[in-house]
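All figures in this text were calculated on a predicted structure; none of them were measured in a lab.
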Amino acid sequence: MTGRILIDLFATLDGVAQGPGGVGEDTSGGFTFSGWQAGYPSSGVGPEIAKGMEGLDALLLGRRTYDIFASYWPEHTDGPSGDIGQLFDRVPKYVATRDADLPLAWQGSSRVGADLAAEIDELRARHREVHVIGSIDFVHTLLAEGLFDQLNLWVYPILLGAGKKVFRDDALPSVLELLEKPVTDAEGVTLLRYGRTDRAPQVDTFED
């Protein structure tokens, strides 16, 4: 079995993926719109998230997102989000950090990052679907090194103008494959599912 690394991101139409989930989540760089996704209710995102979680058997998170999840999800294993809370609490959690002193109190947590490419291969051999949720700083590393298999991108019809973008200038030049037809809800939020390929962009000139 060869598992997959799936990146799940919420982004604005101009590509900002910083701090979507709550006020104060990520205000680095003077970002003033932390919580932008939470401030734009969507009828379609919840069902698609639940659908996407069906195969998840491990989490791979950046340090900031890990700290947020570790303080929130163990206390939310009941109620409307109880199924996701129980899932996250149960599966192994891998946090990308070189900080050996980082406390990992959440059950099933361990560190990666000493040799990320080799560790990604180990995770693919160990798990069926490893999801990277949020973690935009860590995602930049995965995109730069091509260390992912699928990108699930929820695009909101919002323009922020500033903030950490999904794709930086160091993203690995590559052609992505659309895996399914886009899904758009009544609020205009569109889910795009792309698979990574080994194809590089080609250049040409249009002929008259």
Side-chain angles (χ1 to χ4, degrees), residues 5-50 52-53 56 59-77 79-82 84-85 87-89 93-99 102-106 109 111 113 131-144 148 151-171 183-194:
I5 308 298
L6 290 80
I7 298 173
D8 300 321
L9 282 181
F10 302 105
T12 64
L13 196 59
D14 55 345
V16 176
Q18 182 172 352
V23 175
E25 177 183 327
D26 183 357
T27 59
S28 60
F31 186 60
T32 59
F33 289 103
S34 190
W36 59 265
Q37 182 224 353
Y40 191 94
S42 163
S43 59
V45 168
E48 289 297 332
I49 288 177
M53 296 294 106
L56 182 154
L59 288 170
L60 174 59
L61 305 171
R63 176 170 178 173
R64 186 192 304 272
T65 300
Y66 173 82
D67 288 342
I68 293 170
F69 277 28
S71 65
Y72 180 84
W73 285 113
E75 306 301 323
H76 291 80
T77 55
S81 301
I84 292 179
L87 174 65
F88 287 176
D89 204 41
K93 275 78 66 176
Y94 302 95
V95 54
T97 178
R98 292 185 175 88
D99 183 358
L102 175 67
L104 300 177
W106 195 7
S109 298
R111 296 177 182 82
H131 283 246
V132 182
I133 301 176
S135 308
I136 185 60
D137 294 322
F138 177 52
V139 165
H140 288 154
T141 299
L142 299 179
L143 294 175
F148 73 101
L151 172 63
N152 300 322
L153 192 62
W154 280 265
V155 180
Y156 282 65
I158 297 173
L159 302 176
L160 295 181
K164 298 174 185 176
K165 304 293 180 68
V166 175
F167 301 105
R168 299 190 309 189
D169 289 347
D170 62 352
V183 177
T184 302
D185 66 15
E187 293 75 30
V189 180
T190 299
L191 170 59
L192 302 166
R193 292 188 175 97
Y194 288 108

Which value, rounded to the nearest 0.5 Å, describes the distance between [X] atom [atom1] and [Y] atom [atom2]?
X: I5; Y: L151; atom1: CD1; atom2: CG; value: 13.5 Å
X: D137; Y: L142; atom1: CG; atom2: CG; value: 11.5 Å
X: T190; Y: D185; atom1: OG1; atom2: CG; value: 7.5 Å
X: T12; Y: Q37; atom1: OG1; atom2: CD; value: 11.5 Å
X: R111; Y: R63; atom1: CZ; atom2: CZ; value: 9.0 Å

How about [X] and [Y]: do any of their side-chain heavy atoms sit closer than 4.5 Å?
X: D26; Y: K164; value: yes
X: W36; Y: I158; value: yes
X: M53; Y: D8; value: yes
X: L13; Y: V155; value: yes
X: Y40; Y: V189; value: yes
X: F31; Y: V16; value: yes
X: P20; Y: Y156; value: no
X: V139; Y: V166; value: no

Backbone N/O of [Y] and side chain of [X]: donor-acceptor pair under 3.5 Å:
X: S135; Y: V132; answer: no
X: T77; Y: G82; answer: no
X: D14; Y: G161; answer: yes

Closest heavy-atom contact between [X] and [Y]?
X: G52; Y: H131; answer: O-CE1, 3.4 Å
X: F148; Y: I7; answer: CB-CD1, 3.7 Å
X: L153; Y: A11; answer: CD1-CB, 3.9 Å
X: A186; Y: S43; answer: N-OG, 4.1 Å
X: G24; Y: S34; answer: N-OG, 3.6 Å
X: R64; Y: E25; answer: CD-O, 3.7 Å

Side chains of Y66 and T97: is there a donor and an acceptor less than 3.5 Å apart?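 Per modelled atom types, Y66 and T97 side chains form no pair under 3.5 Å.
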
Would W73 and I84 count as a side chain to side chain contact (heavy atoms under 4.5 Å, CB included) here? Give the steps. CA-CA 8 Å; W73 285 113; I84 292 179; 3.8 Å; yes

Worked check of side chain to side chain contact (heavy atoms under 4.5 Å, CB included) between L143 and F167: CA-CA 8 Å; L143 294 175; F167 301 105; 3.8 Å; yes

With sequence neighbours left out, write down each residue that passes ring-ring contact (aromatic ring centres under 6.0 Å, His included) with F10, or none if nothing qualifies.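 For F10, the residues satisfying ring-ring contact (aromatic ring centres under 6.0 Å, His included) (neighbours in sequence not counted) are W154.
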
Let me know which of T65, L60, L61 forms a side chain to side chain contact (heavy atoms under 4.5 Å, CB included) with F138.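 Output: one option passes, namely L60.
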
